[in-house]
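Just below is one structure, and these are the notes that go with it.
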Protein chains: 2
Amino acid sequence: MNEIYLANNTTFNCPVEATTSLIGKKWVPSILMLLADKPYRFGQLQAALTKCSKKVLKQQLNLLSASDLISNTKATVANTVESTYQLTPLGQSLMPIVFAMKHWGNQHLICNRESA
Amino acid sequence: MNEIYLANNTTFNCPVEATTSLIGKKWVPSILMLLADKPYRFGQLQAALTKCSKKVLKQQLNLLSASDLISNTKATVANTVESTYQLTPLGQSLMPIVFAMKHWGNQHLICNRESA
DNA sequence: CAGAATCCTATGTGATACTG
DNA sequence: CAGTATCACATAGGATTCTG
């Protein structure tokens, strides 16, 4: 049987489990959704994900980078650092699945409290 | 903006996050894979998932039941209980995504230590 | 602006033993 | 056979503070 080793040195027997270990992180879907549209700077991501702390945001960006789903370029402009994140081709290859999950969630999981 | 309320009384703003909260549990993908093939009894699931404790197995089966992804029927045969689990239509509607995740994981995440 | 370091809490997961 | 109960542990996530 094949084992799957991820960049973060975790091991899985089940490919679905390995995939969810990436997508399953709390803010990763939202991050991917944003980056699917266009590259974002760190601060822009933070602004978009107001309830996500810098630590966790950076943590999950690191995971995505280590897994080669996103790439990161830094530049120094006017004495400040600009850190830009964007999807890699591998990250883009995952987006159809993320969108399928979004669609399924919207179709099947929404229940409005008023109508309940 | 829509909020998503799951059967386990958790709330999400992001449908992908809500979906992964179901698929993302450690043994859920494996359970779904098994049930996609045919109904299983509790003991059969346990035998197939040797490294999953009864407690966690039951816990995740409960989550799937509460979310209406699987159904459970019990029967008493020869003084013992037979508890059978099977996919609901809703659970089946999720399988294409699970298989897509499996496929993506196999395509992109496998790295064999020998070749590394 | 981006990020690293520290501390704290909630949750998920697991081992074991017990019950109807 | 199919659970439940209890204890213990690892990890994820968050709040706050500090740095180049």
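Labels below follow one simple rule: chain letters A, B, ... track the order of the sequence lines, proteins then strands, and each chain is numbered from 1. All of these numbers come straight from a predicted model, not from anything done at the bench. Worth knowing before you read on, the calculation uses all heavy atoms, side chains too, and leaves out hydrogens, waters and symmetry mates.
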Student check: side-chain heavy atoms of [X] and [Y] closer than 4.5 Å:
X: B/T19; Y: B/I97; value: no
X: A/L109; Y: A/W104; value: yes
X: B/M33; Y: B/K102; value: yes
X: B/I70; Y: B/Q86; value: no

Checklist entry - Base, sugar-phosphate alone, or nothing: which one does B/Q60 contact when heavy atoms must sit under 4.0 Å apart? => result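 Sugar-phosphate: the residue B/Q60, judged by heavy atoms under 4.0 Å, touches backbone atoms but no base.
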Checklist entry - Going by distance alone, is a donor N or O of one side chain under 3.5 Å from an acceptor N or O of the other, for A/K58 and A/N62? => result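 Yes, a side-chain donor-acceptor pair sits under 3.5 Å.
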Item to check | Flag for A/N8-A/S67: side-chain donor and acceptor within less than 3.5 Å | outcome: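 A/N8 and A/S67 do not have a side-chain donor-acceptor pair below 3.5 Å.
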OP1 or OP2 of [N] less than 4.0 angstrom from a side-chain nitrogen or oxygen of [X], does that happen here?
X: B/Y40; N: D/dA2; answer: no
X: A/K74; N: C/dG3; answer: yes
X: B/T80; N: D/dA2; answer: no

Given [options], which nucleotide is nearest the side-chain atoms of [X]?
X: B/S53; options: C/dG3, D/dG3, C/dA15; answer: C/dA15
X: B/K54; options: D/dA2, C/dA15, C/dA2; answer: D/dA2
X: A/R41; options: D/dG3, C/dA2, C/dG3; answer: C/dA2
X: B/V81; options: C/dT13, D/dA2, C/dG3; answer: D/dA2
X: B/Q59; options: D/dG3, D/dG13, C/dT13; answer: C/dT13

Value in whole Å for how far the [atom2] atom of [N] lies from [atom1] of [X]:
X: A/Q44; N: C/dC1; atom1: CD; atom2: P; value: 10 Å
X: B/N62; N: C/dT11; atom1: CG; atom2: P; value: 18 Å
X: A/Q46; N: D/dT16; atom1: CD; atom2: C1'; value: 14 Å
X: A/L45; N: C/dG3; atom1: CG; atom2: P; value: 10 Å
X: A/Y85; N: C/dA2; atom1: OH; atom2: P; value: 8 Å
X: A/L49; N: C/dA2; atom1: CG; atom2: P; value: 14 Å
X: A/L57; N: D/dA15; atom1: CG; atom2: P; value: 13 Å

Checklist entry - To the nearest 0.5 Å, how far apart are CG in B/L94 and CD1 in B/I23? => result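 So the CG of B/L94 and the CD1 of B/I23 are separated by 4.5 Å.
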Item to check | Gap between atom CG of A/N72 and atom CZ of A/F42 - 0.5 Å precision | outcome: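 One finds 10.0 Å between CZ of A/F42 and CG of A/N72.
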Checklist entry - If you count the non-hydrogen atoms of other residues, nucleotides and ligands that lie under 6.0 Å from NZ in A/K51, is the total more than 12? => result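 Count not over threshold, so no.
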Checklist entry - Could one point to a donor on the side chain of A/K58 or the base of C/dG3 with an acceptor on the other under 3.5 Å away? => result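 Checked by distance alone, the answer is no.
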Dump the pairs, protein N or O against N or O of nucleotides 5-8 of chain C, anything under 3.5 Å, distances to one decimal.
none

Item to check | Nucleic acid contacts of residues 25-38 of chain B, taken as heavy-atom distances under 4.0 Å to DNA chain C | outcome: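 Residues of residues 25-38 of chain B that come under 4.0 Å of DNA chain C are, in numerical order, B/K25, B/K26, B/W27.
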Item to check | Sole candidate of B/L32, B/L69, B/L64 that passes side chain to side chain contact (heavy atoms under 4.5 Å, CB included) when paired with B/L87 | outcome: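 Testing each of B/L32, B/L69, B/L64 against B/L87, the sole residue satisfying side chain to side chain contact (heavy atoms under 4.5 Å, CB included) is B/L32.
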